Amino acid sequence: MGLSGNLKNFPFPDILQVIAKEKKNGILLVEWKDLIVAYYIKNGHIIFARPVDKITRIYTERNFPEILKKLRVKPENIPKILEKYLLQRLGAREGIFSLIFGFVRYKSDEPITIPIEQVILEASRQLTPMEVRRKISDEMLTFTFTEDAKEKLKNLKLTPVEQKVVELIDGKRTVADIRKALFPTPEIDVDRALYGLWSAGIIKRVRRGKRHKPEGLSLDLLKRIIEKVKDL
Amino acid sequence: MATNEKDKQKNSNKPKKRIKILISGPFAAGKTQFIKTISEIEPLTTEKQTTAGKEKSVKSHTTVAMDFGKITIDDEHELYLFGTPGQSRFDFMWDILGKGALGIIILVDSTNPETFHEARQIINYFESRYPVPMVIGANKQDLPNAWPPEMIKAALNLDTEDIPVVPVVATDKESVKKALLTLLEQIYKEFG
């Protein structure tokens with residue numbers, strides 16, 4: 001099933017986040033005004049990028065080793081290709097994307113040149129203040145590490161600001177606390193780091209405080225409400 | 001008059017206790033329709049003509065203060081459904097309506113990923129100020145280009161949070177009931 005949207009309002013880190021979390025094979029197709037690029041996804045990582053003239057070609061050529069052979073791409077050239085068609089385009093907007101999972105057949109030994117988490121961090125560094133505010137929308141947000149954060153961090157190259165933000169994540173400090181601790185680092189850089197780490201699944205939001213039971217709400221009343229709704 | 005009859009009359013004159021559930025979500029997510037589908041009264045709405053260019057192209061009228069629907073639980077209790085306005089420029093209403101809410105259903109338009117961020121902002125807002133059980137209703141699941149609920153969950157970073165994402169078709173009563181029941185079960189789990 002295909003998912004589609006516009007990079008202008010649903011930028012790269014967000015679509016990459018969906019790819020990373022789904023951990024599936026597939027293709028992300030991005031149509032910019034000047035170029036159409038197909039990104040090949042294996043187990044939630046982008047392992048190859050290919051500019052295309054005809055979109056239909058993407059859907060008829062499904063065997064990945066055959067595609068590399070046909071394009072005469074040597075494995076040692078893949079990092080350069082990804083640099084040109086993925087990393088250098090992460091800040092480009094005005095693109096329409098469609099994401100389709102499945103149908104690409106891989107061998108088992110295709111290498112992951114750049115972990116998807118690294119791509120997400122790179123993309124987050126290029127977000128505008130308005131885009132960042134959409135997600136880091138509240139200075140009371142509080143984060144902690146995900147279960148596999150250590151494992152992921154081992155393979156990533158963080159900027160000095162991202163590194164400092166990681167050191168301050170403790171499940172208690174709010175966004176406001178982290179911004180304050182890193183002053184005079186510009187807030188936008190701190191927020192971009194938080195955006196990237198959150199999108200890459202390295203940190204997660206924690207709930208502040210316990211939810212309080214509303215006054216006058218008994219379990220018996222709650223059961224009656226449930227029964228009433230069922231009977232509607 | 002029999003004692004039972006007397007009691008009934010006494011109860012009907014007594015003001016009923018109100019239980020409040022909020023129906024929130026971005027602009028054009030289907031909040032007014034959601035309430036309309038399940039409310040036992042014709043919902044009270046405060047709709048005005050949309051004026052902003054982009055909004056005008058999506059729908060002609062929008063909620064500016066709140067929508068209000070009702071379900072009578074028994075002689076003493078009523079469940080009120082309050083719909084918040086979608087645009088963030090009306091977020092002062094979120095504050096007014098959020099106080100005392102039992103839980104919140106946040107609807108998103110599954111066909112429009114551009115609005116997912118607004119849903120995230122609403123989640124962040126309520127979690128920081130009125131931390132009550134929440135459910136995300138992935139509305140418009142009957143449309144062909146709808147994102148499936150599990151993808152919306154991934155897009156909203158909800159895979160690590162205890163906020164369920166359920167498929168919704170706001171025009172379908174059974175679907176609306178299911179979303180409401182999921183929230184009530186969350187509340188039961190939280191306080192039970």
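Please read these numbers as outputs of a predicted model, since none were measured by experiment.
- To the nearest 0.5 Å, the span separating CG on D138(A) from CD1 on I122(B) amounts to 12.5 Å.
- Put simply, the side chain of N157(B) reaches to within 4.5 Å of the side chain of K135(A), judged on heavy atoms.
- Contact annotation for I15(A): only side-chain heavy atoms (C-beta onward) come within less than 4.5 Å of a heavy atom of chain B.
- Between atom NZ of residue K21(A) and atom CG of residue L158(B) there is a gap of 9.0 Å, rounded to the nearest 0.5 Å.
- Counting heavy-atom pairs closer than 4.5 Å to chain B, the top residue among E131(A), R133(A), K204(A), E227(A) is K204(A).
- We find the OG1-CD distance between T142(A) and E127(B) to be 10.5 Å, quoted to the nearest 0.5 Å.
- With a 6.0 Å radius and a threshold of 12 heavy atoms from other residues, nucleotides or ligands, K70(B) has its NZ atom above the threshold.
- The minimum heavy-atom distance linking A155(B) with Q17(A) is given by the pair O-NE2, 3.2 Å.
- Judged purely by atom type and a 3.5 angstrom limit, N9(A) has no side-chain atom pairing as donor or acceptor with the backbone of P113(B).
- For I152(B), no part sits under 4.5 Å from any heavy atom of chain A, backbone or side chain.
- Crowding of R18(B) atom CZ: a count of heavy atoms from other residues, nucleotides or ligands under 6.0 Å not exceeding 12.
- Neither the backbone nor the side chain of N112(B) comes within contact range of chain A, judged by heavy atoms closer than 4.5 Å.
- If you measure heavy-atom distances from I225(A) to chain B, the contacts under 4.5 Å come from both the backbone and the side chain.
- A 4.5 Å side-chain heavy-atom check between L3(A) and P148(B) finds at least one atom pair inside the cut-off.
- Within a 6.0 Å radius of NZ in K157(A), other residues, nucleotides and ligands contribute 12 heavy atoms or fewer.
- Side-chain contact check for R120(B) versus R205(A): some heavy-atom pair is nearer than 4.5 Å.
- The contact between K230(A) and chain B is made by backbone and side chain atoms together, counting heavy-atom distances below 4.5 Å.
- A 4.5 Å side-chain heavy-atom check between F116(B) and D14(A) finds every atom pair outside the cut-off.
- Between F10(A) and H117(B), the angle of the ring planes lies from 30° to 60°, which puts this pair in the tilted group.
- Between L184(B) atom CG and K223(A) atom NZ the span is 14.0 Å, to the nearest 0.5 Å.
- Residues M151(B) and E22(A) form a side-chain contact, since some pair of their non-hydrogen atoms from C-beta on lies under 4.5 Å apart.
- Looking at L156(B), only its backbone comes within 4.5 Å of chain A, counting heavy atoms on both sides.
- Looking at T111(B), neither its backbone nor its side chain comes within 4.5 Å of chain A, counting heavy atoms on both sides.
- Heavy-atom pairs under 4.5 Å with chain B were tallied for N6(A), L219(A), D231(A); the largest tally goes to L219(A).
- One finds the CD1 atom of I71(B) at 8.5 Å from the NZ atom of K228(A) (value rounded to the nearest 0.5 Å).
- Within 6.0 Å of the NZ atom in K152(A), the count of heavy atoms belonging to other residues, nucleotides or ligands exceeds 12.
- Using a 4.5 Å cut-off between heavy atoms, K173(B) contacts chain A through its side chain alone, with no backbone atom that close.
- Heavy-atom pairs under 4.5 Å with chain A were tallied for L79(B), L102(B), I38(B); the largest tally goes to L102(B).
- Between chain B and the residues T146(A), V18(A), L221(A), L217(A), the most heavy-atom pairs under 4.5 angstrom are made by L221(A).
- Interface remark: L222(A) contributes side-chain atoms only to the contact with chain B (heavy atom separation under 4.5 Å).
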